[in-house]
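Take a look at the structure below.
As the structure lists them, so they are numbered: ligands from 1, and atoms in each ligand from 1.
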Amino acid sequence: MAQILDGKKLREKILGELKLKVESFTQKPSLVVILVGENPASKIYVNNKKKTAQNLGINSEVINYPSDITEQELLDKIEELNNDKNVTAILVQLPLPEHISKENVINTISPSKDVDGFTPYNFGKLFSGSEPVVYPCTPKGILLLLDEYGIKLEGKHAVIVGRSNIVGRPLSQMLLNRNATVTVCHSRSENLSDIIKTADIVVSAAGKNVIKGEMLKSGCVVVDVGIFKDENGKTRGDVDFETASQVASYISPVPGGVGPMTIASLMLNTVELYVKNSG
Ligand code: GUN
């Protein structure tokens, strides 16, 4: 039976330490989250981010625009926040409505306030093997969780299922930096289960892919980034926990695995930006 990678527990530890750090600052860091439209999942995420920040003593504001805001209005707001000395960190919650170019929006955020690490400057740094201002939150949280449990990455075969800019692509680079052998699979990959069978570490961030115990190598480490509600309203991930936990040595649950670590990383990144920009 696999050991649980407990993201909730590690989040509490990280937030406890961060709270003391924030208390020692003369001014409070400030995180501004922009939410466009009424996506119910996004609303929950954004409120969690705000609440967690406020509990740490980080000023946090959510700016909620109607879904018919123009791209230009949104870009103007980001420029205003870029120039506001009281704003430490800017996060534009994704996805955005279709009439707004995600690329234009992300390109407008100042790299020094880019708490997601999504701007071309920060992505470019990451993909060229040097240091971005901060690392993207979900991959960062995954590595913190693996490190907490002493899981060795060097020389190991890590298979990532999913090539999104939020998880798969940046995680591939961060695992390479740690000397893992990295395979990135996606919806068009052939022989997906053969590839997964060779993995020492499996990260599933594909959305609707179901990974079952029989697809896994015995003793592998499973990280589940998926999150959705099943037909009974139960929160589930990409991985069939019942069967996978019989085969794996470590497994992250949903909920309580990667989700809390993403929030913890966002708080870490906000504080890192504060320290870098006030130094
Ligand atoms: N939507 C889902 N995950 C994320 C994230 O990490 N950052 C942003 N900005 N939007 C998201």
Side-chain angles (χ1 to χ4, degrees), residues 7 11 14 31-53 60-65 67 69 71 74-75 77-78 81-82 87-98 100-111 113-123 126 132-145 160 162-174 203-208 223-229 235 237-238 252 254-255 257-270 272-273:
R11 174 189 63 188
I14 291 170
L31 167 67
V32 177
V33 179
I34 297 179
L35 172 65
V36 181
E38 305 287 328
N39 181 316
S42 291
K43 272 191 168 174
I44 294 171
Y45 297 148
V46 159
N47 281 328
N48 273 339
K49 289 168 184 178
K50 180 177 163 181
K51 257 195 257 159
T52 309
S60 183
E61 182 190 356
V62 174
I63 304 176
N64 193 349
Y65 288 114
S67 57
I69 185 178
E71 184 177 307
L74 186 54
L75 299 183
K77 185 65 194 183
I78 294 169
L81 296 169
N82 284 342
V87 173
T88 312
I90 303 167
L91 182 147
V92 179
Q93 185 68 22
L94 303 172
L96 288 167
E98 281 193 4
I100 296 175
S101 155
K102 179 175 78 175
E103 200 180 344
N104 289 347
V105 167
I106 291 173
N107 284 358
T108 304
I109 299 171
S110 163
K113 297 191 178 188
D114 170 24
V115 74
D116 273 316
F118 287 168
T119 56
Y121 175 86
N122 282 317
F123 242 47
L126 178 59
V133 180
V134 292
Y135 289 88
C137 299
T138 301
K140 175 173 174 149
I142 291 170
L143 290 189
L144 287 169
L145 191 57
I160 302 168
R163 54 180 156 177
S164 71
N165 284 344
I166 296 178
V167 187
R169 281 177 209 260
L171 180 62
S172 70
Q173 299 305 304
M174 291 163 72
V203 180
S204 184
K208 51 187 178 238
V223 178
D224 191 348
V225 188
I227 184 159
F228 68 95
K229 292 236 192 268
T235 302
D238 285 355
S252 74
V254 179
V258 173
M261 291 308 300
T262 298
I263 295 249
S265 300
L266 177 65
M267 300 303 130
L268 283 168
N269 280 358
T270 303
E272 277 177 40
L273 291 181

Which protein N or O atoms sit under 3.5 Å from any N or O of ligand 1? Give atom names and distances.
| residue | atom | partner | partner atom | Å |
| --- | --- | --- | --- | --- |
| ligand 1 | 1 (N) | Q93 | NE2 | 3.3 |
| ligand 1 | 1 (N) | L94 | O | 3.0 |
| ligand 1 | 7 (N) | D116 | OD1 | 3.0 |
| ligand 1 | 7 (N) | D116 | OD2 | 3.4 |
| ligand 1 | 9 (N) | V92 | O | 2.8 |
| ligand 1 | 9 (N) | D116 | OD2 | 2.7 |
| ligand 1 | 10 (N) | L94 | N | 3.0 |

**Pairwise distance CG(L91) to CD1(I63) - rounded to 0.5 angstrom** =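 Between atom CG of L91 and atom CD1 of I63 there are 11.5 Å.
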**Nearest-0.5 Å distance, CG of residue L94 to CG of residue L35** = 10.5 Å
**Item:** Short side-chain to backbone donor-acceptor contact, S204 and D224, under 3.5 Å
**Value:**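 No, S204 side chain to D224 backbone: no donor-acceptor pair under 3.5 Å.
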**Message:** Under the rule for salt bridge (Lys or Arg N to Asp or Glu O under 4.0 Å), what residues qualify as partners of K50, not counting sequence neighbours?
**Reply:** none
**Item:** More than 12 heavy atoms of other groups within 6.0 Å of Y65 OH
**Value:**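 Yes, OH of Y65 has more than 12 neighbouring heavy atoms, counting only those of other groups under 6.0 Å.
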**Asked** So, do P170 and F118 sit near enough that their side-chain heavy atoms are less than 4.5 Å apart?
**Response**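 SC-SC contact between P170 and F118 ruled out.
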